[in-house]
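Structure first, then comments.
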2 protein chains.
Amino acid sequence: MKTFKVSEITLNVGQSVYLEGETSDKLYTILEGWAFRYKSMPDGRRQIVNYAYQGDFLGLQNSMTDKSPHGVEALTILRLCVFQKARLPSLFEKQPSLALDLTWLAAREERFLDEGLLSVGRRTAREKVSYLLWYLHTRALEAGLTFDNTLFLPMNQQHFADTLGISLVYVNRTLQRLRSSGCLTLTGRTLVIHDKTRLAELAGIDPKRPERRPII
Amino acid sequence: MKTFKVSEITLNVGQSVYLEGETSDKLYTILEGWAFRYKSMPDGRRQIVNYAYQGDFLGLQNSMTDKSPHGVEALTILRLCVFQKARLPSLFEKQPSLALDLTWLAAREERFLDEGLLSVGRRTAREKVSYLLWYLHTRALEAGLTFDNTLFLPMNQQHFADTLGISLVYVNRTLQRLRSSGCLTLTGRTLVIHDKTRLAELAGIDPKRPERRPII
DNA sequence: CGCGCACTTGACATGCGTCAAATTACGTGG
DNA sequence: CCACGTAATTTGACGCATGTCAAGTGCGCG
């Protein structure tokens with residue numbers, strides 16, 4: 001294990017863990033803070049692909065020699081643990097349970113991405129915004145980042161727009177309408193969920209197929 | 001290895017490997033044929049999340065006890081190899097290279113999903129359809145399923161629509177316009193790419209950031 | 001020969017995008 | 001603590017890409 005860990009680094013808001021198109025032979029775990037993964041088009045259109053926080057791995061999708069197909073940027077101050085990806089094979093040999101953990105994490109990320117695709121592809125704007133807030137709240141719960149249904153969100157409306165595939169202006173209008181529905185408050189960066197069941201309804205989440213409960 | 005493999009099964013077009021909401025303690029590899037993974041909303045809206053063919057794993061995202069968050073359906077006759085997921089830990093111990101392979105496959109799937117999110121979230125209808133055809137052709141190349149730029153596509157326009165998050169009617173109109181651009185022919189289920197570079201342009205794929213070349 | 005399903009096409013409706021400007025919040029230096 | 005500059009949020013007016021509805025058309029299969 002001592003040869004696997006390389007170092008610990010800290011990034012500031014807006015700094016990149018790695019850029020789209022950059023090659024990196026590193027792996028990262030988040031010790032503290034929020035980041036987002038994104039992809040973009042030649043003309044600058046951007047799609048945020050997922051958010052990540054403590055315990056999440058970054059860089060697993062990158063080969064060691066090719067350019068990264070996505071970028072990762074810090075949303076808050078971000079403390080990272082850095083590993084050499086080349087050490088992975090020997091690590092898997094010495095500690096097979098680590099391989100299982102990584103498989104589990106990858107599977108979890110895939111489930112998130114699948115949900116994201118459903119959102120972006122098939123939900124209406126109202127459902128999209130509802131779902132995103134529901135999702136962030138649910139993940140924050142899982143990570144112990146909420147206090148009494150209140151939650152600090154490090155992203156702004158532009159991030160929402162780029163996550164959901166709608167325009168900034170329409171995110172704003174949709175948020176207004178959600179606020180007036182009464183089931184949540186979002187002032188500045190503070191989100192309070194008053195009625196999560198209602199929010200799930202607005203998001204078009206199937207009540208008969210509940211999300212998996214937080215693992216631990 | 002002999003204790004890992006359970007059996008081999010064959011499905012017909014339209015049959016399900018597993019349904020959304022079903023619990024399954026199995027893992028599958030595709031030996032032959034095409035399938036698609038999908039998720040849906042309570043009211044029936046459907047999002048196809050990815051396509052899979054020979055060599056791809058299915059069921060990795062499912063826990064052994066919870067309901068599957070997505071379904072998988074056969075697009076062609078589908079031959080599958082079935083494994084017991086519970087055997088994975090001991091397998092990883094005996095054969096750490098398998099863990100690496102699975103990690104690689106999971107990373108590959110994540111890259112596909114990221115691309116899908118970019119498509120659905122940020123591309124226009126024309127770019128979406130172009131990208132999907134480009135993507136299917138590229139993957140088919142990688143798998144040795146094309147012959148002289150000609151490729152059999154097992155999916156219909158409804159599948160395209162559900163993949164791209166647009167309506168069936170608009171997929172059709174967009175295909176018409178793509179055909180008249182001259183860079184492809186799509187008659188029935190046969191796709192011929194005449195000018196792949198042009199197709200990539202229409203899809204808004206960054207020329208400076210080429211997709212990773214087929215591995216092997 | 002006829003039924004069913006995939007594909008087409010036209011007419012019309014609308015959810016969301018775009019442009020532009022106003023307003024508010026926020027950090028920074030004086 | 002205030003003044004200022006910059007970024008984030010909000011609102012209005014208008015346009016368009018895409019959706020919806022509905023009616024064909026073509027074709028494979030029994």
Side-chain angles (χ1 to χ4, degrees), chain A residues 12-14 36 41 43-48 73-77 119-133 152-180 184-191 202-204, chain B residues 12-14 36 41 43-48 73 75-76 119-133 152-180 184-191 202-204:
Chain A
N12 244 312
V13 180
F36 66 92
M41 307 263 305
D43 64 0
R45 280 172 282 176
R46 181 177 73 167
Q47 176 69 34
I48 293 182
E73 191 179 310
L75 272 173
T76 63
I77 287 190
S119 251
V120 174
R122 286 310 189 195
R123 286 192 229 257
T124 66
R126 204 197 51 187
E127 291 168 333
K128 286 180 185 187
V129 176
S130 304
Y131 178 78
L132 181 56
L133 296 177
F152 172 78
L153 289 183
M155 59 288 281
N156 61 28
Q157 297 184 6
Q158 184 65 62
H159 291 114
F160 288 168
D162 288 345
T163 307
L164 299 172
I166 55 187
S167 72
L168 168 63
V169 174
Y170 208 67
V171 165
N172 187 283
R173 289 190 217 282
T174 307
L175 273 174
Q176 307 298 346
R177 274 181 277 143
L178 270 187
R179 279 191 258 252
S180 69
L184 61 86
T185 312
L186 179 60
T187 46
R189 311 246 141 141
T190 305
L191 172 67
L202 289 172
Chain B
N12 244 312
V13 181
F36 66 92
M41 307 263 305
D43 64 2
R45 280 172 283 176
R46 182 177 73 168
Q47 177 68 35
I48 293 181
E73 190 180 310
L75 272 172
T76 62
S119 251
V120 173
R122 286 311 187 193
R123 286 192 230 258
T124 66
R126 204 198 52 187
E127 291 169 334
K128 286 180 185 186
V129 176
S130 305
Y131 178 77
L132 180 55
L133 296 177
F152 171 79
L153 289 183
M155 59 289 280
N156 61 28
Q157 296 185 6
Q158 183 65 64
H159 292 113
F160 288 168
D162 288 344
T163 307
L164 298 171
I166 55 186
S167 72
L168 169 61
V169 173
Y170 208 66
V171 165
N172 187 285
R173 290 190 217 281
T174 307
L175 273 174
Q176 308 297 347
R177 273 182 276 145
L178 269 188
R179 280 190 258 253
S180 69
L184 60 86
T185 312
L186 179 59
T187 45
R189 311 247 142 140
T190 306
L191 173 67
L202 289 172

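Chain identifiers are assigned alphabetically (A, B, ...) following the order of the sequence lines, protein sequences preceding nucleic acid strands; residue numbering begins at 1 within each chain. Note that the structure is predicted; figures quoted are calculated from it, not measured.
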Original post:
Phosphate oxygens OP1/OP2 of C:dT8: is one of them under 4.0 Å from a side-chain N or O of B:R179?
Top reply: yes

Original post:
Counting side-chain heavy atoms from C-beta on, which of C:dT8, C:dA6, D:dT9 comes nearest to A:R189?
Top reply: D:dT9

Original post:
Does the B:R123 side chain pair with the main chain of B:A203, one donor and one acceptor, at a distance under 3.5 Å?
Top reply: yes

**OP:** For A:L164 and C:dG15, give me the distance from atom CG to atom C1', rounded to whole Å.
**Re:** 15 Å

**OP:** Determine, for nucleotides 18-30 of chain D in 5'-to-3' order, which nucleotides have protein heavy atoms under 4.0 Å from the base (write B), from only the sugar-phosphate (write S), or from neither (write -).
**Re:** BSBB---------

Original post:
Within the pair B:Q158 and C:dA6, is there a side-chain N or O less than 4.0 Å away from OP1 or OP2?
Top reply: no

Original post:
When rounded to the nearest 0.5 angstrom, what is the spacing between CG in B:L168 and CD in B:Q158?
Top reply: 5.0 Å

**OP:** Please report, rounded to the nearest Å, how far the C1' atom of D:dT11 is from the CG atom of A:L175.
**Re:** 14 Å

Original post:
Given atom CD of A:Q157 and atom P of C:dC26, what is their separation to the nearest angstrom?
Top reply: 13 Å

Subject >> Between P of D:dT9 and CD of A:Q176, the distance in whole Å >> reply: 11 Å

Original post:
Do A:L178 and A:S130 have side chains that get closer than 4.5 Å, going by heavy atoms?
Top reply: yes

Subject >> A:N156 CG to C:dT24 C1', straight-line distance once rounded to whole Å >> reply: 15 Å

Subject >> Min side-chain heavy-atom separation A:F160-A:L133 under 4.5 Å >> reply: yes

Subject >> Heavy-atom side-chain proximity of A:N12 to A:I77 below 4.5 angstrom >> reply: yes

**OP:** Please report, rounded to the nearest Å, how far the P atom of D:dA8 is from the CG atom of A:L186.
**Re:** 15 Å

Original post:
Between the two end axes of the helix from C:dC1-D:dG30 to C:dG30-D:dC1, each built from 5 base pairs, what angle do you get to the nearest 10°?
Top reply: 50°

Original post:
Roughly how many Å is it from CZ in A:F160 to P in D:dT10, rounded to a whole number?
Top reply: 11 Å

Original post:
Between atom NE2 in A:H159 and atom C1' in D:dA7, what is the gap in whole Å?
Top reply: 13 Å

Original post:
Do any N or O atoms from the side chain of B:R122 and from the backbone of A:R45 form a donor-acceptor pair under 3.5 angstrom?
Top reply: no

Original post:
Would you say a side-chain N or O of A:N172 is under 4.0 Å from OP1 or OP2 of D:dT10?
Top reply: yes

Original post:
Do the non-hydrogen side-chain atoms of A:M155 and A:F36 ever get within less than 4.5 Å of each other?
Top reply: no

**OP:** For a side-chain contact (heavy atoms from CB on, under 4.5 Å) with B:V129, tell me which candidate from B:T174, B:L202, B:L186 qualifies.
**Re:** B:T174

